[in-house]
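Counting convention: from 1, in listed order, for ligands and their atoms alike.
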Amino acid sequence: MIEITSSTKITGIMGYPIKHTLSPIMHNRAFSLLNLNYLYAVFPVAPKDLAQAVMALPALKIKGVNVTIPFKQDVLKYLDEITPCARRIGAVNTIVNENGKLIGYNTDGEGFINSLKEVNFETAGKKILLLGAGGACRAVALSLAWAGAKKIIVATRNATKAEKMIKETGLEQEVQTECFFLSSLPSEKIAEADLIVNTTPLGMAPFEDKMPDIPLEGLHSAQYVCDLIYNPLKTVLLRKARLKGCKTVNGIGMLVHQGAKSFYLWTKEKPPIEEMRQAILKYVGNSRKKLP
Ligand code: NAP
C-alpha cells in the first residue's frame with residue numbers, strides 16, 4: 001500500500017453505478033509494484049453531476065480518470081481535446097489532465113486488438129462476425145478495420161442498429177461490411193468468419209445462462225470465438241465454442257490491455273501487464289475473493 005502524501009498523483013474511474021469495478025485492483029497493484037506515487041480511486045458520479053465532476057479535474061489536480069458506463073459518450077463535450085481515434089469511435093474511456101487541459105482517449109479498441117495478439121490471432125485479411133452493435137462494439141469494429149480486417153459482418157437483434165453503427169463510425173469506408181438480424185443469421189455466415197465476437201451482455205449477470213441465438217452448426221475448429229465478457233471467464237458461448245473445437249478468448253485480455261494503455265498515458269511507464277492480469281483474476285470467477 002502506498003503512503004499518501006501531498007505529491008501523490010490521483011487517478012481513478014468515473015461511472016454510475018461503479019461498485020463492481022475491478023480497475024482499482026489492477027491499477028493500484030501496478031502503481032505499487034513500480035513504486036509510483038500514484039493512487040487510483042473510485043468516483044461514483046451521478047449522471048446529473050457529470051459536467052461538474054469532469055470540470056473539477058484540473059482544479060483538483062487529478063492526473064486522469066477512466067470513464068465508464070454511462071458516461072463514455074456524454075463526456076466528450078466537456079473535454080478540451082479528443083484524439084481522432086476516440087472521435088471516430090464516439091466514446092472516451094480515458095481522460096488525461098495535461099497541465100489543466102483535459103484530453104480524451106479511447107483505449108478499448110487497442111486493448112481488444114492486443115488481447116487478440118496474445119492468442120496469436122492476426123487480424124489482417126480476416127473475416128469477422130460481430131454479435132451486437134453497442135458502445136464497446138464501435139471501438140472493436142473500428143480497431144479491427146484499422147488492423148486490416150477484410151470483412152466485418154454485424155448481427156444484431158434489430159438490423160437498423162447495425163446499419164446505424166456502421167454509418168456513424170464510417171466503418172464502411174474502411175472495410176467491407178454486411179448486416180444481419182441475429183434471428184436469421186445463416187450458418188454459412190458463421191462458418192465464413194475467422195473470428196466471432198460477442199459484444200452483447202448475454203452471458204454475464206443477470207444473463208449468465210444465455211448467449212446470442214446463433215446457428216452453432218456453422219462453428220468449426222479453425223475459428224476463434226471471443227467474448228468481451230470477463231465475468232464469468234467461460235460464458236455459455238465460449239463453452240459451446242470449445243466443444244466445437246474453436247479457440248476461445250474471454251474479455252480479461254481486453255480489460256487488462258485497455259487499462260494498461262490508460263496506465264501508460266498517465267504515468268509514461270511501461271505497465272506490468274501480467275501482474276495487472278493476476279491482480280484481477282483473484283476477483284473473477286466462481287470461487288474467488290469478494291471485492292473489498
Ligand atoms: P451496450 O452499449 O449496451 O451494447 C450492448 C449491445 O448488445 C447492443 O447492441 C444491444 O442491442 C445488444 N444486446 C443487449 N441485449 C441483447 C439481447 N438480449 N439480445 C441481443 N442483443 C442484445 O453495452 P457495451 O458497453 O457495448 O458492453 C457490451 C458488453 O461488452 C458487456 O458485456 C460489457 O461488460 C462488455 N465489455 C467488456 C469490456 C472489456 O474490457 N472486456 C469493455 C467494454 C465492454 P440493442 O442496441 O438492440 O439494445
Q: Check if Thr156 has a non-hydrogen atom at a distance under 4.0 Å from any atom of ligand 1.
A: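 Not so, Thr156 does not reach ligand 1.
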Q: Who's the nearest protein heavy-atom neighbour of atom 11 (O) of ligand 1, and how far?
A: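 For this ligand atom, the closest protein heavy atom is Arg157 NE, 3.6 Å.
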Q: For Ala136 and ligand 1, does the shortest N/O to N/O distance drop below 3.5 Å?
A: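 Ala136 vs ligand 1: N/O contact under 3.5 Å present.
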Q: Should we count NZ of Lys150 as having more than 12 external heavy atoms under 6.0 Å?
A: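 Result for NZ/Lys150: open.
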Q: Please work out, at 4.0 Å between heavy atoms, whether the side chain, the backbone, both, or neither of Leu202 comes within that distance of ligand 1.
A: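 Contact part for Leu202 vs ligand 1: side chain (C-beta onward).
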Q: Check the surroundings of atom NZ in Lys234: do more than 12 heavy atoms from other residues, nucleotides or ligands lie under 6.0 Å from it?
A: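 No, NZ of Lys234 has 12 or fewer neighbouring heavy atoms, counting only those of other groups under 6.0 Å.
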Q: Hey, what do you get for CZ (Arg88) to OG1 (Thr169), rounding to the nearest 0.5 Å?
A: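 Here the interatomic distance stands at 6.5 Å.
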Q: Quick check on contacts: which atoms of ligand 1 are under 4.0 angstrom from a heavy atom of Gly134?
A: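 What qualifies from ligand 1 is 2 (O), 4 (O), 6 (C), 8 (C), 9 (O), 26 (O).
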Q: Measure Lys161 to ligand 1 on non-hydrogen atoms and call it side chain, backbone, both or neither using the 4.0 Å cut-off.
A: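 Side chain only; the backbone of Lys161 stays clear of ligand 1.
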Q: So between Met204, Lys72, His257, whose heavy atom ends up nearest atom 33 (C) of ligand 1?
A: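 Answer by nearest heavy atom: Met204.
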Q: Under a 4.5 Å cut-off applied to non-hydrogen side-chain atoms, are Phe263 and Phe31 in contact?
A: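 Yes, their side chains come closer than 4.5 Å.
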Q: Where is the nearest protein heavy atom to atom 25 (O) of ligand 1: which residue, which atom, and how far?
A: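 Of the protein heavy atoms, Ile69 CD1, 3.8 Å lies nearest.
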Q: Touching ligand 1 at all, Pro212? Heavy atoms, strictly under 4.0 Å?
A: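 No, that is not the case, since the closest heavy atom of the residue is not under 4.0 Å from the ligand.
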Q: Are more than 12 heavy atoms, taken from residues, nucleotides or ligands other than Lys268, located less than 6.0 Å from that residue's NZ atom?
A: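 Yes.
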Q: State, to 0.1 Å, how close Glu174 and Ala145 come at their nearest heavy-atom pair, and which atoms those are.
A: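 So the two residues come closest at CB-CB, 3.8 Å.
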Q: Looking at ligand 1, does any of its N/O atoms fall within less than 3.5 Å of an N/O of Ala133?
A: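 Yes, Ala133 has an N/O under 3.5 Å of an N/O on ligand 1.
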Q: Which of the numbered atoms in ligand 1 are below 4.0 angstrom from a heavy atom of Leu182?
A: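 Matching atoms, with element in brackets: 20 (C).
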Q: Is there a side-chain contact between Val225 and Val249 in this structure, where contact means two heavy atoms from C-beta onward sitting under 4.5 Å apart?
A: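 In short, these two side chains do not touch, never coming nearer than 4.5 Å.
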Q: Does the protein put a heavy atom less than 4.0 Å from atom 3 (O) of ligand 1?
A: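 Not a single protein heavy atom is under 4.0 Å away.
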Q: Yes or no, since that's all I need: does a protein heavy atom fall within a distance strictly under 4.0 Å of atom 23 (O) of ligand 1?
A: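 Protein heavy atom within 4.0 Å of atom 23 (O) of ligand 1: absent.
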Q: Counting from 1, what ligand 1 atoms have a heavy atom of Ile229 closer than 4.0 Å?
A: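 Matching atoms, with element in brackets: 32 (O).
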Q: Any chance OH of Tyr78 has more than 12 other-residue heavy atoms, nucleotides or ligands included, within less than 6.0 Å?
A: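 Buried by this count: over 12 neighbours within 6.0 Å.
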